[in-house]
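Contents: one structure, followed by commentary.
What you see is a predicted model; the values in this text were computed from it and never measured. Protein chains get the first letters and strands the later ones, always in sequence-line order, with residue 1 at the start of each.
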2 protein chains.
Amino acid sequence: MVTPRKKIPSPAGAAAARSDHLDTRVLETFVGYNARRAWLVVTQVFAERMAVYGLKQVDFSVLSLLAHNPGATSRQLCSTLDILPPNLVSLIAAMDSRGLIERRPHPHDGRAIGLHLTPAGEQLVREAEQTVIELEADASARLTPRERETLIRLLQKVYH
Amino acid sequence: MVTPRKKIPSPAGAAAARSDHLDTRVLETFVGYNARRAWLVVTQVFAERMAVYGLKQVDFSVLSLLAHNPGATSRQLCSTLDILPPNLVSLIAAMDSRGLIERRPHPHDGRAIGLHLTPAGEQLVREAEQTVIELEADASARLTPRERETLIRLLQKVYH
DNA sequence: TATTGTTATACTCTATAACTATA
DNA sequence: TATAGTTATAGAGTATAACAATA
């Protein structure tokens with residue numbers, strides 16, 4: 001269980017003489033800076049808790065998307081998640097090898113390949129989604145449920 | 001001026017038969033997913049507008065931090081920005097070569113090096129910070145000023 | 001001619017180990 | 001013994017060009 005870059009509070013009086021941290025007030029007026037910092041926190045918790053499933057964030061996104069969009073193509077996954085097609089290939093191949101997904105010929109387009117979860121894949125997604133729900137709640141525990149909804153709504157307003 | 005992955009709206013009726021995008025409703029219930037998507041939008045605009053200064057996000061963060069924390073050390077920059085020391089070295093060296101910063105011996109610690117902006121560096125930071133303020137306003141233009149403040153406050157609540 | 005999936009490849013970002021000089 | 005800065009290097013993430021098969 002690797003926990004790199006975890007903020008370990010230094011012994012009480014140790015950093016009294018010379019403060020460890022810098023004045024970040026200007027940077028903290030920017031959405032970009034704050035969004036990245038918050039994302040890093042969630043990412044850290046995500047990586048720790050999802051390691052047991054062998055899933056990175058992008059893996060989970062693909063699997064969850066396939067659970068709710070059976071038969072989706074690589075092209076659609078790429079466009080939805082902002083991934084470049086060449087970078088999805090090995091990812092899909094690995095999930096195929098793991099027996100989590102299978103490729104079937106596309107009904108209307110001979111070039112495309114429809115991606116489907118296997119029963120094992122569906123079972124894994126169910127467990128993984130539940131874990132993500134819990135981990136998300138923990139990672140945003142300093143927010144009230146109402147604040148969390150507001151945060152998500154405002155983030156979506158930026159990118160929608 | 002590279003603008004990759006820009007969402008170019010396809011001709012009106014073109015995608016009517018087979019929808020391009022997938023159902024992302026589950027992913028959109030997660031803070032991590034939404035924070036990354038919003039961050040990507042701001043990042044895109046940042047890269048486009050800051051290219052004239054030859055500054056990436058991390059470069060700007062370092063320079064802005066030094067503007068408001070003169071004499072800060074590499075160690076402090078790393079801890080503040082969550083960068084690993086080895087990855088800051090070439091970045092600092094490049095800014096030194098460009099004449100934006102200079103290294104002075106640390107007053108109290110012979111191992112450390114105090115980093116300071118040169119006059120050219122200070123001038124660049126002034127212009128760059130102004131550009132970031134404008135770009136941030138544009139990138140979050142769908143938010144009211146009040147909503148933008150709320151968004152930033154809630155993001156900070158997650159990582160503070 | 002355009003698009004889907006793919007290979008090969010390069011570039012950037014992030015991470016680890018180990019060294020030096022100071023403390 | 002621990003820390004600041006550094007080197008070398010490895011691994012992950014992201015990018016472009018080009019090709020075969022199909023539309």
Task: Sequence-aligned protein contact record of nucleotides 18-23 of chain C, with B where the base is within under 4.0 Å of a protein heavy atom and S where only the sugar-phosphate is - done: ----BS

Open item on the list: Under the rule for side chain to side chain contact (heavy atoms under 4.5 Å, CB included), what residues qualify as partners of Glu127(A), not counting sequence neighbours?
Closed with: Tyr53(A), Gln123(A)

Task: Main-chain N/O of Lys56(B) paired to Asp59(B) side chain as donor or acceptor, under 3.5 Å - done: yes

Task: Gap between atoms CD1 and C1', on Ile92(B) and dA4(D) respectively (whole Å) - done: 13 Å

- [ ] For Arg104(B) and dG5(D), give me the distance from atom CZ to atom C1', rounded to whole Å.
- [x] 19 Å

Task: Whole-Å distance separating the CG atom of Leu77(A) from the P atom of dT3(C) - done: 19 Å

Task: Contact nearer the 5' end of DNA chain C, comparing Val89(A) with Ala112(A) - done: Ala112(A)

Open item on the list: In this structure, how many angstroms lie between the P atom of dA15(C) and the CD1 atom of Ile83(B), rounded?
Closed with: 11 Å

Task: Among Ile83(B), Leu91(B), Ile92(B), side-chain contact (heavy atoms from CB on, under 4.5 Å) partner for Leu77(B) - done: Ile92(B)

- [ ] Treating Ile, Leu, Val, Met, Phe, Trp and Tyr as nodes and any side-chain heavy-atom pair under 4.5 angstrom as an edge, say whether Ile133(A) and Tyr33(B) lie in one connected cluster.
- [x] yes

- [ ] Answer yes or no: is there a donor N or O on one side and an acceptor on the other, between the side chain of Thr118(B) and the main chain of Leu100(B), under 3.5 Å?
- [x] yes

TODO: Report yes or no: do Arg148(A) and Ser140(A) form a side-chain donor-acceptor pair below 3.5 Å?
DONE: yes

Open item on the list: Is it the case that the side chains of His116(A) and Glu122(A) hold a donor-acceptor pair, with the cut-off being a distance below 3.5 Å and no angle test?
Closed with: no

Open item on the list: Looking at Ser61(B), is its backbone amide N or carbonyl O close enough to the side chain of Ser64(B) to form a donor-acceptor pair, meaning the two atoms are under 3.5 Å apart?
Closed with: no

- [ ] Using a 4.0 Å heavy-atom cut-off across all strands, classify Leu88(B) as base, sugar-phosphate, or nothing.
- [x] nothing

Open item on the list: How many whole angstroms separate atom CG of Asp82(B) from atom C1' of dA15(C)?
Closed with: 13 Å

Tabulate atom names and distances for all N/O pairs under 3.5 angstrom spanning the protein and nucleotides 9-13 of chain C.
from    : atom 1 : to       : atom 2 : distance (Å)
dC13(C) : OP2    : Lys56(B) : NZ     : 3.3

Open item on the list: Measuring to OP1 and OP2 of dT6(D), would you say a side-chain N or O of Arg103(B) lies under 4.0 angstrom away?
Closed with: yes

Open item on the list: Would you call the rings of Trp39(A) and Trp39(B) parallel, tilted or perpendicular, taking 30° and 60° as the class edges?
Closed with: parallel

Task: Leu91(B) CG - dT6(D) C1' separation (whole Å) - done: 15 Å

TODO: Please state how far atom CD in Gln57(B) lies from atom P in dG13(D), giving the value in whole angstrom units.
DONE: 18 Å

Task: Distance, rounded to the nearest Å, where Leu84(B) contributes CG and dA17(C) contributes P - done: 11 Å

